[in-house]
Amino acid sequence: MGYRVLLDKDGLTADLRPPTDTAYIPRPPDEAAYREVIELFFHEGTYVAKNLWRDELLPAKYSFDQVMKGKNLRRMLEWRMEMDHDWSVKTGVLGRD
């Protein structure tokens, strides 16, 4: 994990190894995890459509924003970013770092 020494008057942190941030780098998904996220993404789209058909806008917005985009699409975009960088960078909080 990462760290930053703010104050070390006695030099006690001189022997610490530099941070690697590897604990924050996601691992490549196996095929089952990949398929599950893809299927959940498209399956949730049926709930968005069903809620819109019933004129239930708040449940439709929740399914679209929180589940489809916030949970599934974000994970797929993080995987894509890691693939582009050979699984070596951390994605940060909500993609910011």
Side-chain angles (χ1 to χ4, degrees):
M1 290 205 248
Y3 63 87
R4 181 182 305 163
V5 178
L6 298 178
L7 180 63
D8 184 18
K9 292 181 181 180
D10 299 327
L12 299 174
T13 61
D15 294 333
L16 289 177
R17 292 181 288 169
T20 62
D21 295 322
T22 56
Y24 302 108
I25 297 174
R27 292 188 205 126
D30 59 356
E31 185 176 351
Y34 176 79
R35 287 185 178 274
E36 180 182 6
V37 171
I38 301 296
E39 289 174 9
L40 288 174
F41 176 80
F42 287 109
H43 180 71
E44 195 66 30
T46 62
Y47 286 103
V48 173
K50 180 170 66 171
N51 287 322
L52 289 174
W53 178 262
R54 295 176 178 173
D55 287 330
E56 296 174 344
L57 297 180
L58 291 178
K61 182 166 176 44
Y62 172 82
S63 291
F64 182 67
D65 289 341
Q66 299 298 318
V67 181
M68 286 184 77
K69 290 191 321 188
K71 186 177 177 184
N72 299 318
L73 183 61
R74 178 176 169 235
R75 180 180 247 175
M76 290 186 279
L77 290 173
E78 287 174 354
W79 288 342
R80 175 58 193 224
M81 184 184 93
E82 290 296 334
M83 287 186 334
D84 291 344
H85 295 283
D86 199 30
W87 300 90
S88 62
V89 296
K90 62 181 185 172
T91 55
V93 177
L94 296 177
R96 295 177 294 188
D97 188 38

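What you are looking at is a predicted structure, and each value in this text was computed from that prediction instead of being measured.
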Tell me, please, which residues at least two apart from Arg80 pass side chain to side chain contact (heavy atoms under 4.5 Å, CB included).
Met83, Asp84
How far apart are the closest heavy atoms of Ser88 and His85, and which atoms are they?
OG-O, 2.5 Å
Side-chain donor-acceptor contacts of residues 26-39 below 3.5 Å, not counting sequence neighbours, with atom names and distances?
from: Asp30; atom 1: OD1; to: Ala33; atom 2: N; distance (Å): 3.0
from: Glu31; atom 1: OE2; to: Arg35; atom 2: NE; distance (Å): 3.0
from: Glu31; atom 1: OE2; to: Arg35; atom 2: NH2; distance (Å): 3.3

Find the distance between CG (Leu73) and CD (Glu78) and round it off to the nearest 0.5 Å.
10.0 Å
Is there a path from Met76 to Met68 through hydrophobic residues (I, L, V, M, F, W, Y) whose side chains come within less than 4.5 Å of each other?
yes
Check whether Phe41 and Trp79 end up in the same hydrophobic cluster, where Ile, Leu, Val, Met, Phe, Trp and Tyr are linked by side-chain heavy atoms less than 4.5 Å apart.
yes
N/O donor to acceptor pairs below 3.5 angstrom from side-chain atoms of residues 47-61, sequence neighbours left out:
from: Asn51; atom 1: ND2; to: Tyr47; atom 2: O; distance (Å): 3.0
from: Lys61; atom 1: NZ; to: Asp65; atom 2: OD2; distance (Å): 2.4

Quick one: list whatever passes side chain to side chain donor-acceptor pair (under 3.5 Å) with Glu44, sequence neighbours left out.
Ser63
Please list all pairs meeting salt bridge (charged side-chain N to carboxylate O under 4.0 Å, His left out) that have one or both residues in residues 6-19, counting only residues at least two apart or in different chains.
none
